Amino acid sequence: KAISQGGGAHSRVVRDGITRAPCVRMATAMEAADLKVWCEVPENFMKLKAAFESTTSFGKLVSCQPTVAGRNVYLRLVCRSGDAMGMNMVSKGSLAVIELLKSTWPTLELVALSGNMC
């Protein structure tokens, strides 16, 4: 009521997305760097996107932003979930991404599904 009486309010969405940042550990720092580079290749991102989106009718993987810290790689996955809050959807899709990466990188070990780098 106070907002209406005060003349109303305006808003603008400047960024929309849900993030999950799985932390994976590679056998060496060099493999971690290689994984980062691999994820940044557009054709490989499309593979990650297909894996993620195979788990949901609504969720869409928008980007993957890998950050290397020694042997650890934090994969910041930015997703859209339609009208859903979507954290379960994003977690399920993130696990599908990890499974795809494990098939390509056998030494990859999932440390945490949410590496607190969202």
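Note that the structure is predicted; figures quoted are calculated from it, not measured.
A distance-only check finds no donor-acceptor pair linking the side chain of Arg71 to the backbone of Ala29 [under 3.5 Å]. Side chain of Thr56 to main chain of Glu53: no donor-acceptor pair is present (N/O by atom type, distance under 3.5 Å, no hydrogens or angles). In this structure a side-chain-to-backbone donor-acceptor pair under 3.5 Å is missing from Asn44 to Cys39. Within the 3.5 Å criterion, the main-chain N or O of Val24 finds no donor-acceptor partner in the side chain of Glu109.
A continuous path of ILVMFWY side-chain contacts below 4.5 Å connects Leu100 to Ile98, so both sit in one hydrophobic cluster. Val37 and Met26 end up in different hydrophobic clusters when Ile, Leu, Val, Met, Phe, Trp and Tyr side chains are linked at under 4.5 Å. Side-chain heavy atoms closer than 4.5 Å link hydrophobic residues (I, L, V, M, F, W, Y) into clusters, and following such links, even through other members, never connects Leu48 to Phe58.
With rounding to the nearest 0.5 angstrom, the NZ atom of Lys49 is 10.0 Å from the OG atom of Ser63. Taken from NZ in Lys102 to OG1 in Thr107, the straight-line distance is 11.0 Å, to the nearest 0.5 Å. Taken from CG in Leu113 to OG in Ser94, the straight-line distance is 5.5 Å, to the nearest 0.5 Å.
Scanning all heavy atoms of the two residues, the minimum distance from Pro66 to Val73 falls at CB-CG1, 4.0 Å. The nearest pair of heavy atoms linking Val78 to Gly17 is CG1-CA, 4.5 Å. Between Val90 and Phe52, the shortest heavy-atom distance links the atoms O-CE1, 3.7 Å. Considering every non-hydrogen atom in both Cys23 and Leu110, the closest pair reads O-CD1, 3.6 Å.
Residues Pro22 and Val97 fail the side-chain proximity criterion, which asks for heavy atoms closer than 4.5 Å. The side-chain heavy atoms of Leu75 and Thr67, taken from C-beta on, include no pair separated by under 4.5 Å. In this structure the side chain of Met87 reaches within 4.5 angstrom of the side chain of Arg20, judged on heavy atoms. Using a 4.5 Å cut-off on side-chain heavy atoms (C-beta onward), Tyr74 and Val68 make no contact.
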From CA spacing to verdict: side chain to side chain contact (heavy atoms under 4.5 Å, CB included), Leu77, Val62: CA-CA 8 Å; Leu77 304 175; Val62 176; over 6 Å; no
Steps toward side chain to side chain contact (heavy atoms under 4.5 Å, CB included) verdict (Trp105, Asp34): CA-CA 10 Å; Trp105 304 89; Asp34 290 344; 3.6 Å; yes
Step-by-step side chain to side chain contact (heavy atoms under 4.5 Å, CB included) determination, Thr55 to Leu95: CA-CA 9 Å; Thr55 66; Leu95 286 172; over 6 Å; no
Side chain to side chain contact (heavy atoms under 4.5 Å, CB included) between Phe45 and Leu61, worked out: CA-CA 9 Å; Phe45 171 74; Leu61 182 61; 3.8 Å; yes
Lys47 vs Glu43, salt bridge (charged side-chain N to carboxylate O under 4.0 Å, His left out): CA-CA, chis, key distance, verdict: CA-CA 7 Å; Lys47 293 176 186 177; Glu43 294 81 15; over 6 Å; no
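In Lys92, the NZ atom is not crowded: 12 or fewer heavy atoms of neighbouring residues, nucleotides or ligands sit closer than 6.0 Å.
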